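This report refers to the structure that appears directly beneath it.
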Amino acid sequence: MLLAVPGVLNAAQLDKIRESLADARFVDGRLTAGRAAARVKNNEELEPDPRIHQRITRIAMSALGHNADFRNAALPHRMADFIVARYQPGMTYGDHVDDPIMGNAGPRFRSDVSMTLFLNPPDSYDGGELVIRSAFGDRHVKLAAGDAVVYPSSSVHQVAPVTRGERLVILTWIQSYVRDAARRELLFELNRAREHLLSKEPDADTTKHVDRSYANLLRMWAEV
C-alpha cells in the first residue's frame with residue numbers, strides 16, 4: 001500500500017527542524033548505501049551529530065506517534081534511526097530496493113515499510129519526485145512540507161533528478177507487526193470502517209462484529 005499521510009509535521013515543528021539544519025554539515029549519501037544502491041545513489045545526508053539528530057528524532061518521533069494514519073498503516077514495531085537526505089541540482093537516486101535488514105549499531109531488524117517525510121515546499125525545487133514502480137505503472141510522489149508517504153520497502157523506486165532548488169527529506173524504515181503488505185492494507189481499510197462505526201453506531205451489532213474481526217485478524221497476523 002502506498003499512502004500519503006498529510007500534516008505529520010506542523011509549521012512550528014518544520015521551523016524547528018529547518019533551524020537545526022541551518023548550519024549542519026552534509027556528507028556523501030553513498031556512505032550509508034548497500035553495494036547495489038551505491039552505484040545509483042547521488043545525494044547528501046546529514047553528518048552524524050548527536051545534538052542535531054536527537055533534536056530531529058524527538059520532533060519526528062513525537063509527530064509520528066500522534067498520527068493515527070501512520071500508526072494504522074505501518075503498525076510499527078521497530079524503526080530505523082532517521083536519516084536527513086538532501087538533493088541539490090544534478091542529484092538523483094536511481095532505481096533500487098531498500099535493504100531488507102536494517103540496523104548497524106543496535107539490534108538488526110527487517111524493513112517492511114519505507115517512509116519519506118518532506119521538509120520543504122514542492123514549488124521550492126524542480127524534479128525530485130519519489131517514483132515508485134508498480135504493476136499498474138509508476139506513481140510519482142511530491143508532497144507538501146510536513147507530509148509523509150509510506151510504501152512497501154520491497155518496492156522498486158527512485159528519486160528523479162533535481163534540476164532546481166533543494167529537496168530535503170527525512171527517511172526511516174519500519175519493521176511492522178504485520179509482515180505482509182496485503183494484510184497491512186486490509187487491516188488499514190478495515191480499521192477505517194471500524195472507527196467510522198465506533199463513532200456513528202457504537203452499540204450496533206455490526207460495529208461489534210467489525211471491531212472483533214479487526215482485533216482477531218491483527219492477533220492472527222501480528223508478529224512480536
Side-chain angles (χ1 to χ4, degrees), residues 1-14 57-80 82 97-98 100-103 107-118 130 132-157 169-224:
M1 176 176 62
L2 185 157
L3 179 71
V5 186
V8 173
L9 295 173
N10 60 36
Q13 291 168 326
L14 284 167
T57 295
R58 185 170 61 251
I59 295 169
M61 283 296 290
S62 175
L64 291 170
H66 286 89
N67 191 285
D69 279 347
F70 170 78
R71 296 196 312 271
N72 293 328
L75 297 171
H77 180 31
R78 297 186 179 93
M79 290 178 62
F82 294 111
V97 175
D98 292 333
I101 305 296
M102 297 283 185
R108 307 279 280 170
F109 65 94
R110 185 184 66 245
S111 62
D112 298 319
V113 179
S114 300
M115 186 203 76
T116 299
L117 177 55
F118 294 82
L130 174 63
I132 301 173
R133 314 292 192 189
S134 79
F136 303 101
D138 295 346
R139 300 286 301 275
H140 294 249
V141 183
K142 187 176 181 180
L143 302 179
D147 291 0
V149 60
V150 294
Y151 55 97
S153 299
S154 58
S155 305
V156 177
H157 56 282
V169 295
I170 292 175
L171 309 169
T172 193
W173 296 265
I174 300 111
Q175 178 173 323
S176 176
Y177 280 111
V178 176
R179 178 194 301 243
D180 184 79
R183 290 176 175 178
R184 286 196 306 273
E185 183 170 4
L186 187 154
L187 285 167
F188 179 74
E189 293 175 349
L190 182 60
N191 188 57
R192 280 190 162 175
R194 168 181 168 266
E195 290 183 344
H196 175 79
L197 289 169
L198 286 169
S199 172
K200 300 296 183 181
E201 304 175 67
D203 298 320
D205 287 343
T206 300
T207 303
K208 296 173 185 177
H209 294 326
V210 171
D211 184 42
R212 184 172 68 247
S213 295
Y214 173 82
N216 287 331
L217 282 173
L218 182 56
R219 191 189 329 275
M220 183 187 303
W221 292 336
E223 301 175 13
V224 295

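Everything numeric in this text was worked out from a predicted model, so none of it was measured.
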Is there a side-chain contact between [X] and [Y] (heavy atoms, below 4.5 Å)?
X: Val113; Y: Arg184; result: yes
X: Leu130; Y: Tyr151; result: yes
X: Val5; Y: Val149; result: no
X: Thr172; Y: Thr116; result: no
X: Pro76; Y: Tyr177; result: no
X: Leu171; Y: Phe82; result: no
X: Phe118; Y: Ile170; result: no
X: Glu189; Y: Met1; result: no

Side chain to side chain donor-acceptor pair (under 3.5 Å) between Asp98 and Ser114, intermediate numbers included: CA-CA 8 Å; Asp98 292 333; Ser114 300; 2.6 Å; yes
Salt bridge (Lys or Arg N to Asp or Glu O under 4.0 Å) contacts in which one or both residues fall within residues 202-224, not counting sequence neighbours: Arg110-Glu223, Arg179-Glu223, Arg194-Asp211
Thr207/Leu198 under side chain to side chain contact (heavy atoms under 4.5 Å, CB included): CA gap, chis, key distance, verdict: CA-CA 6 Å; Thr207 303; Leu198 286 169; 3.6 Å; yes
Donor-acceptor contact present, side-chain [X] to main-chain [Y], <3.5 Å:
X: Ser155; Y: His157; result: no
X: Gln13; Y: Asn10; result: yes
X: Asn191; Y: Leu187; result: no
X: Ser111; Y: Trp173; result: no
X: Ser62; Y: Ile59; result: no

[atom1] of [X] to [atom2] of [Y]: how many Å apart, nearest 0.5 Å?
X: Ile174; Y: Met102; atom1: CD1; atom2: CE; result: 10.0 Å
X: His209; Y: Leu197; atom1: NE2; atom2: CG; result: 11.5 Å
X: Asn72; Y: Glu195; atom1: CG; atom2: CD; result: 5.5 Å

Check against side chain to side chain contact (heavy atoms under 4.5 Å, CB included), Asn216 and Leu218: CA-CA 5 Å; Asn216 287 331; Leu218 182 56; over 6 Å; no
Check against side chain to side chain contact (heavy atoms under 4.5 Å, CB included), Arg71 and Asp69: CA-CA 6 Å; Arg71 296 196 312 271; Asp69 279 347; over 6 Å; no
Can you name the closest pair of heavy atoms from [X] and [Y] and give their distance?
X: Ser154; Y: Val97; answer: O-CG1, 3.9 Å
X: Val150; Y: Ala73; answer: CG2-CB, 4.4 Å
X: Gly7; Y: Asp147; answer: N-OD1, 2.8 Å

Between Trp221 and Asp180, a side-chain donor and acceptor under 3.5 Å: no
Any side-chain donor near an acceptor of the partner, Asp112 and Ser153, under 3.5 Å: no
Audit row: Leu64, Met79, side chain to side chain contact (heavy atoms under 4.5 Å, CB included) steps and yes/no: CA-CA 11 Å; Leu64 291 170; Met79 290 178 62; 3.9 Å; yes
Arg78: partners by salt bridge (Lys or Arg N to Asp or Glu O under 4.0 Å), with sequence neighbours left out: none
